[in-house]
Amino acid sequence: MPLAALPKCAPAQVANRNTCMESLLDRFCRYARIDTQANESARTYPSSPGQRELGRLLAAELQALGLRDAAQDEHGIVLATVPASPQSHGSPIAWIAHLDTSPETSGHGVKPIVHRDYAGGDIVLPGDPSKVIRVDANPELAQMHGKTLVTTDGTTLLGADDKAGVAVIMEAAAHLAAHPEIPHGPVRICFTCDEEIGRGVDHLDLGKLGAHVGYTLDGGGAGEIDTETFSADLAVVTITGVNLHPAIARGRMVNAVRLAGAFVDRLPWMTLAPETTADRDGFLHPYRIEGGVAEATLRILLRDFDTPKLAERARLLEDIARVLQAEHPAARIAVAVTPQYRNMAQGLAQEPRSVRFAEEAMRRAGLEPKRTIVRGGTDGSRLTELGLPTPNLSCGEHNLHTPLEWTCLEEMATAVRVLVELAQIWGAAS
Ligand SMILES: [Zn+2]
């Protein structure tokens, strides 16, 4: 449905006691249309101008809600405060979402398509009918009959990752601003840039954020709380060979390309690879190989829920390097490992209320909360490591990073309610 055809939010259309569905839908579609695709090769921060544009719009909308300190900083990050209601004194919490979308699928010219009263069945996307959201690949669709879904036209991603989170936070802030009778603690709102390319918290000043715990709204479906992420390191293997004309290479050339191939070949594959593992198993993932005869580099991701196992994986790489080096004494093989992020479980345990209160808020919103693990990282992994316990909450994201991405308005609305409950619970905590 074209956005202009959407009715304006009016009290009679309030779909449940905590949110106005049409306002939420309108917000989501407006934000989704702004191209905020992150650009990995950009040297600027944020990596694409649309992120600044969306951030400016959000800061202005937060100001219009009466949040007087709402502003976009020089890095494009938006911060604002929903002040505590007079009778509350709880610790400040932060609601966090990211403005950028994945570099994997175009975010240019997103045309959100609203499917009201979904009747079931596969959804053919009109802009590219070869793109079909199939029921057999999306078992969640079985629960969606009668609900309002939003998809793309098939030519771009939707960007529900993470504009669903942005819209949910904006609507929850609007709800608290419009209902001063709800007792709640102080809430800091934070929209970050470039999460999808691992720079989400690079310029976020935790002192300025000033929160006791954070919640990222960047999760699938409804009722899930991500309480664990991978711990992650990156290994860069640099292989230096000896290059000279092939005509005179005999006994002298050391081909770094060949050694890079041999290195990859010696990595475990039937175990410890993303292609062959699931759930709690970690892996080594060679994802980029570059170079020539004189020098080749291999980039390998090290992932595990159990942080000390990363060191074991690094030793395995060093062992492979040592053996290969011994076989080819004229080559030089160096392995450099750098930390990326850490499993948030340990940090969350320092403030168990971060998860417990989220579970309580979900129950109050009519959900049965489920603790889940992420085979990846979130902004919350790094924030938790930096001292801000930050679990990740569901907000209706499905099929992330693809043209088959979709979201469910009712799931987003429930996430709004979860946030409003969460602010009340923290406001009542001593
Ligand atoms: Zn995301």
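In this chain, numbering begins with 1 at the start of the sequence shown. Here the structure is a predicted model, which is why all the values come from computation and not from measurement. First listed ligand is number 1; within each ligand, the first listed atom is number 1.
- Taking the centre and axis of the six-membered ring of Tyr341, the NZ or CZ atom of Arg382 falls outside the cone set by 45° and 6.0 Å.
- Taking the six-membered ring for Trp and thresholds of 30 and 60 degrees, His203 and His75 have nearly parallel ring planes, at less than 30 degrees apart.
- Residue-level check: among N/O/S atoms of Asp161, OD1 sits closest to the Zn ion (ligand 1).
- The Zn ion (ligand 1) is the vertex of the angle joining NE2 of His98 and OD2 of Asp218, which measures 90° to the nearest 10°.
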Practice item. Would you please test Asp153 and Lys131 for salt bridge (charged side-chain N to carboxylate O under 4.0 Å, His left out) and show each step? Key: CA-CA 9 Å; Asp153 70 348; Lys131 299 283 190 305; over 6 Å; no
Exercise for review: With salt bridge (charged side-chain N to carboxylate O under 4.0 Å, His left out) as the test, would you mind laying out the steps for Glu318 and Arg313 before giving the verdict?
Suggested key: CA-CA 9 Å; Glu318 279 152 15; Arg313 311 262 190 272; over 6 Å; no
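- With a cut-off of 2.8 Å, the Zn ion (ligand 1) has no N, O or S atom of Asp162 in range.
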